[in-house]
Every structure is written in structure tokens, then in C-alpha cells.
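Have a look at the structure below before the remarks.
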Amino acid sequence: MKIKSVDLYSDVIDGLLYAIHDVVLSGNYILGEQVAKFEAEFSNYIGVNYGVGVASGTDAITIALRAMGIGEGEGVITTGLAPVAVLTGILRAGAFPIIIDINSSYTMDDRQLVQAIKDGFGHVILPIHLYGRPANMPEIMKIAHHYKLKVIEDCSQAHGATINGQKVGSFGDAGIFSFYPTKNLGAMGDAGMVVTNDEQIAGKAKRLRQYGLVDGISIEHGFNSRMDEIQATILRCKLPLLDTWNLARFSNAEYYNRRLPEYATPDLVAGHVFHQYVIRSSRREQLMKTLNDKGLQTQIHYPYPTYLHPAYNWVKSFGDLPETIRASKEVLSLPIYPSLSTEEIDYITDVIHSEATNYEM
Ligand SMILES: *Cc1c(COP(=O)(O)O)cnc(C)c1O
């Protein structure tokens, strides 16, 4: 049996080709009716007033920061078990990242957050809802209000994730999303969005995505970062299925947890949307090889914390970040996509158990 780590095709719905066909015939391909409708539908789904479609999640980080007036010389506190895209997005806004440690659920450690703020770092807090697990937003917002800092949530792995029924992306001053094809809600190319309840942030993000233009006149230095009509129509077709897909991911995670009682498995907290299903093993490399030899694809998210990549090794971390380092050496992502069957999970977990038996002998 061969199992890929992600399966993007099997869930694609009827109607997608017709929708794309209509866009092709419309003669309008950038920032048109489809983008405007998707912005309205997605921001409504998240429960905020505004959505601004941009070209990628990385761009959404840069544009959200700039739209809040954050730039040169200002610090953005975030975590390091993440894609380097987070650093790219922050640095391109002119701001500098300060990396703090994660807690046992792979999200921002709020005690260290307070420490970093007290030491004089940071103008913005950028929590990441990693693997689809919401960061502790009620606590982070309390800290942000106390110290008068702004918050941007990186929801690129958490479309539809909730805390007490409230969607992530609606807690902070702004939220950003990536619609990269492998995300829980994925386009067939690149796309991203900034969501916010703040009219000024939304207005400024709208200008910044297109050369700072207002009525054809550039009033501030901006970017070229637009969402296109084909991506928007694809995302509109898929959005109504997102909750069903997220529930399928959750029940796959539940099933895995039952089959892997001896492993450090993720908590099944309500509102988790399991972008990744991540276990930990001190013998990760051997385990990965055994699975791979049997045709079972796994991935590591992430083998290098962002601030240890050669391009960014000058970026400041707040101390040694032991939890981040340890996680980067032990985490392993098993397939979790919505169409994965329980038979496939049985097979994957059987191979994991057989590997453990071999090791003991
Ligand atoms: C995917 C991702 C991004 C970057 O999104 P792109 O659309 O690839 O630019 C940023 N942050 C997180 C947490 C992501 O998972």
C-alpha cells in the first residue's frame, strides 16, 4: 500500500471546472467579482468585517504589519517552530523578529511572552496556530491589552479552528491566512488573505496590495500582491466543504490517538483542525525510514527552527528555546488528509508498531 503525506486531488468537488471555465470566459482575471465575493464569504465565515485578498500568506504577513504602521526598527514577537515564510514576511515589512519558545502544544509560551515584553522587546505579537491547534488567544490578548501591543494571528494552518466557538483570526487586531494548495483550505496556486475588524487596517491593506493606489494615484509605497479570479473561484467552491473536511481530520486524529497509546500524541482539544497530525519519537529518523520503505510518506514540520536557517542565523532568539529545539528533533507528521481511511491508518500504525518491536529485539 502506498500512502502520500497529502492528497490534494481526491476531495476536489464537482463544479470546479465549470467555475474556472466561467472565469476564463469572463475576460476578468485579477481582483474582480470572484475575489470580492470570496473576501466577503471568507471574512463572514471567520466572523470579522473585512477580508483583503492578496497573493500569498507571506505577503499577508508583510501587508498586515505595514497596514498597522509597523516597520523599520520595530520588533515582532513570534515562535520559531514554523515555516521560514514567517521570517520572510516580517523582515520584508522592515520589522525585526524576536523568537520566543513554544509550550507543550507547539504554540506561543505566554510566560516567555511576558518576559520578552518586560525586557523591552516587541511592538507586535504574532502567534501561530501551528498544526491547526489554536494558540492561547484569550491569554495572549490579555497580555497584549495590558502592555498595549498589537496582535496579528498567523492562521495559515488553522482555517476554521475555534476557541470556545470563536474562529481564530477574529481575536487579534488582524489575522492572516495562506491558501497554499496543501493548507486546510487550499487554492490551486498561491493566494492569501488579511482579515480584520479594523476599517483602517483593511483600507490600508487594500492600498498596499496594489502599489499604494487610491483612484489610480499612489499615495504610499506598496506592493504588487493581488489575488486572482481563478484562485478566488476555486476557494469559493471549496469553502462550503471546509468544516466537513476539518471534522474528518479530527476523527482521523482521534483514531490515530487510539491506535498509538504509547506515543506522545496531540491533545484532542475542541476546535483543533489538525492541519498536521504530529507525533514525537526520539528515534524519528529510523521510524521515518521504516515508513518510507513501506511506501508511507511522512514529513517533518520543522527540522530547523526558522532562526537557525543559514539565511536567518542572525535573527535574535530569546534565550536557548529548549522546547523549540527538542521538538524540531522529535516531531514527525503522519498523513491526516480528510479522505484518509481508517484502514490506511491501521496500516500506518501497524508499521509503526512493527518498527518499535524490531528495535526492542
Ligand atoms: C504556509 C504558511 C505561511 C506562508 O504562506 P504562503 O502562502 O506559502 O506564503 C506562513 N505561515 C504559516 C504558519 C504557514 O503554514
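Every number for a ligand or one of its atoms is a count from 1 in the order of the listing.
Shown in contact with Ile128 at under 4.0 Å from a heavy atom are these atoms of ligand 1, numbered in order with element: 13 (C). Contact atoms of ligand 1 toward Ser56: 7 (O), 9 (O) (distance under 4.0 Å to a heavy atom of the residue).
Between Pro83 and ligand 1, no pair of N/O atoms sits closer than 3.5 Å.
Protein heavy atom in closest approach to atom 9 (O) of ligand 1: Thr58 OG1, 2.5 Å. Protein heavy atom at the shortest distance from atom 4 (C) of ligand 1 is Ala85 CB, 3.5 Å. At the top of the distance list for atom 7 (O) of ligand 1, counting protein heavy atoms only, stands Ser178 OG, 2.6 Å. In terms of protein heavy-atom proximity, atom 13 (C) of ligand 1 is nearest to Asp154 OD2, 3.4 Å. Scanning the protein heavy atoms around atom 2 (C) of ligand 1, the nearest turns out to be Lys183 NZ, 2.8 Å.
Look at Ala82 and you'll find every heavy atom at least 4.0 Å from all atoms of ligand 1.
Electrostatic pairing of Glu39 and Arg209 counts as a salt bridge here, judged by a charged N lying under 4.0 Å from a carboxylate O. We find that Asp267 and Arg133 are joined by a salt bridge, their nearest charged nitrogen and carboxylate oxygen being less than 4.0 Å apart.
In terms of the side-chain hydrogen bond (donor to acceptor under 3.5 Å, both in side chains) criterion, Thr196 has no residue partners (sequence neighbours excluded). For His272, the ring pair (Phe, Tyr, Trp, His ring centres under 6.0 Å) partners at least two apart in sequence or on another chain are Phe274.
Contacts between Val86 and ligand 1, counted as non-hydrogen atom pairs separated by less than 4.0 Å, involve the side chain only.
Screening Thr342, Thr349, Thr265 against Arg259 for a side chain to side chain donor-acceptor pair (under 3.5 Å) leaves a single residue, Thr349.
Connection of Val151 to Leu149 is established within a shared hydrophobic cluster, with ILVMFWY side chains joined at heavy-atom distances below 4.5 Å, either directly or through further cluster members.
Checked against the 6.0 Å centroid criterion, the rings of His159 and Phe179 qualify as a close aromatic pair.
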